[in-house]
Number of protein chains: 2
Amino acid sequence: MALHPFKISTWNINSVRLRAPNVQQFLKAEAPDVLCLQEIKCQTGEFPAKAFNEVGYTHHQVLGQGGGHHGVAIVSRHPIETLEPQPLCREGHARVQAARIEGFEIHNIYLPAGGDVPDPDENDKFAHKLDFLASMARDYSALASDASPRILVGDLNVAPHENDVWSHKQLLKIVSHTPAETEALEKAREAGGFFDIARELHDDGQKLYTWWSYRAKDWAASNRGRRLDHIWANDAAMGLADLDSYSIHLAWRGGWKPSDHAPVSSSFQRP
Amino acid sequence: MALHPFKISTWNINSVRLRAPNVQQFLKAEAPDVLCLQEIKCQTGEFPAKAFNEVGYTHHQVLGQGGGHHGVAIVSRHPIETLEPQPLCREGHARVQAARIEGFEIHNIYLPAGGDVPDPDENDKFAHKLDFLASMARDYSALASDASPRILVGDLNVAPHENDVWSHKQLLKIVSHTPAETEALEKAREAGGFFDIARELHDDGQKLYTWWSYRAKDWAASNRGRRLDHIWANDAAMGLADLDSYSIHLAWRGGWKPSDHAPVSSSFQRP
DNA sequence: GCCTTGGCCG
DNA sequence: CGGCCAAGGC
């Protein structure tokens, strides 16, 4: 591994204003080069920029939304070159952004959760999710021929493998783990020429979770998690990946007013 | 003054569940025999009894209400004998309770705030407030012949004197200080044979406030207060009063998540 | 469960 | 400004 790897983290923060202290502490502790946030739940102008500046993350690319919904942001210790994001969201939600940082193309995605009923005819939100996944396959396959190092991260709201959920059997009809979703996600990943960093490191028999419901009495004891948060790398980035650096930062699911998602990180050699 | 005076405090707590820590600290610091609370904003069954038990206030008389409105409670280090309250509130709100503790009749009242427009024909809430005040005069005059020591406390939502508000002139048409209210309150007090402890101690030229709006940028600096919280004593209780003990506990208007009201206390010799 | 918003109230 | 509630979302 090079002396100065490029470390990227992704975290569904479930309100960045409420959890600015958590994020500050996380950045101090893990010191990634770049942090991609989802569900910031604020307007662009309400982003707590100061909290990030204070700890050295002075470059911000914020895509906020009103109504307390969605919203994504990239914060970085290095300058950010804004890229045109893929037009994945037919609803115009603040869910997708792209940037170039330190020679890496970074794509940050908050994929629609999809509601409760896994039927696109009955549930518009599920239809939107499948539509978003189909767009991903289309848009990223168009990009795949451009072989610059590309990392896609975010809360994709799909747990693709059997061991990405606490019970494959019990979740097969639960949105996030239905075959329609897991197959569409795998198809999108492959169409974009991406590798799933977590599963490149860990074999498929290994349980991996990044999200635990708030509703559990004791999330850690019952450990009914799902792996909804992902780091994908294309060929060029995969060649630079330090697989062993992949980490799900469990500690941040606990502590003071935690998000229901843990942050996830991985490091790469610089291109 | 006797060695073991009877100390009573009153505090509009604006949610007793949220501010259970504040109340605990107050009780530890001021150690009254009895604390009367208003705006507990919880149902009777949701009252945080444990917080009071922990600091020695094991006797509770709680009159809660749903919908997050009103609610009054008496907590005491001594046994409480429940008395029938006066039927002052035509709306059936949880606003009035009465008890006997250590030989004192205690009446705890949360008087209707009265809305914004000081006109009973336009504003039902103001009409209700005037109606409540008229009921007080009627009901307590009926009680006045019973000369047992009687103390009436609570958030009466009226600042009767010129120096019970930061600007008499500017508040004459503001609900809480209109002549209709201040005259009705004085009439109720006199009809019940009560003395206003604060004004028995302090002359009318002295500004006295117990409430400061949350809306002020700096409540202490601007000091635009009103005296809405009162301790009244009938003849028998007045004869036992230690006037010098009267205190508005300003410190509790500040600190961690304060109520917009400060607690008020006074001590009496035991009957 | 834990966020958001927006309304009612003071 | 800051309690409460009721929805809507995940």
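We name chains A, B, ... by the order of the sequence lines, and we start the count at 1 in each one.
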Check every strand shown and say whether A/R19 touches a base, only sugar-phosphate, or nothing at a heavy-atom separation below 4.0 Å.
-> sugar-phosphate
How many Å lie between CG on B/N123 and P on C/dG10, as a whole number?
-> 9 Å
Look up atom CD1 in A/I13 and atom SG in A/C42, then write down how far apart they are to the nearest 0.5 Å.
-> 11.5 Å
Rounded to the nearest Å, what distance is computed from the NZ atom of residue B/K257 to the P atom of nucleotide D/dC1?
-> 15 Å
For A/N14 and A/K41, run side-chain hydrogen bond (donor to acceptor under 3.5 Å, both in side chains): C-alpha distance rounded to whole Å, both residues' side-chain angles, the deciding distance at 0.1 Å, then the answer.
-> CA-CA 7 Å; A/N14 187 17; A/K41 289 189 173 174; 2.8 Å; yes
May I have the distance from A/N12 (atom CG) to C/dC3 (atom P), rounded to whole angstrom?
-> 13 Å
Given the side-chain rings of B/H128 and B/H93, with only the six-membered ring counted for Trp, is the space between their centroids under 6.0 Å?
-> yes
Would you say A/N123's side chain and A/V117's backbone share a donor-acceptor pair under 3.5 angstrom?
-> yes
Could you give all pairs that pass the side chain to side chain donor-acceptor pair (under 3.5 Å) test and reach residues 163-174 of chain B, with sequence neighbours left out?
-> B/N163-B/K207, B/D164-B/R199, B/D164-B/R227, B/S167-B/Q170, B/H168-B/H177
What's the CD-P distance between A/Q38 and C/dT4, to the nearest Å?
-> 17 Å
Rounded to the Å, how far apart are A/I13 CD1 and C/dC2 C1'?
-> 13 Å
Atom-to-atom span, NE2 of B/H177 to P of C/dG10 - whole angstrom = 20 Å
Taking for B/G114 and for A/D260 the nucleotide of DNA chain C with the nearest heavy atom, the one nearer the 5' end belongs to A/D260
Distance, rounded to the nearest Å, where A/H70 contributes NE2 and C/dC3 contributes C1' = 13 Å
Contacts of type side chain to side chain donor-acceptor pair (under 3.5 Å), residue A/W212, not counting sequence neighbours = A/N223
Any N/O pairs under 3.5 Å between the protein and nucleotides 4-8 of chain D? List them or say none.
unit_1	atom_1	unit_2	atom_2	d
D/dC4	OP1	B/S15	OG	2.8

Whole Å only: how far is the CD atom of B/Q65 from the C1' atom of D/dG3?
-> 15 Å
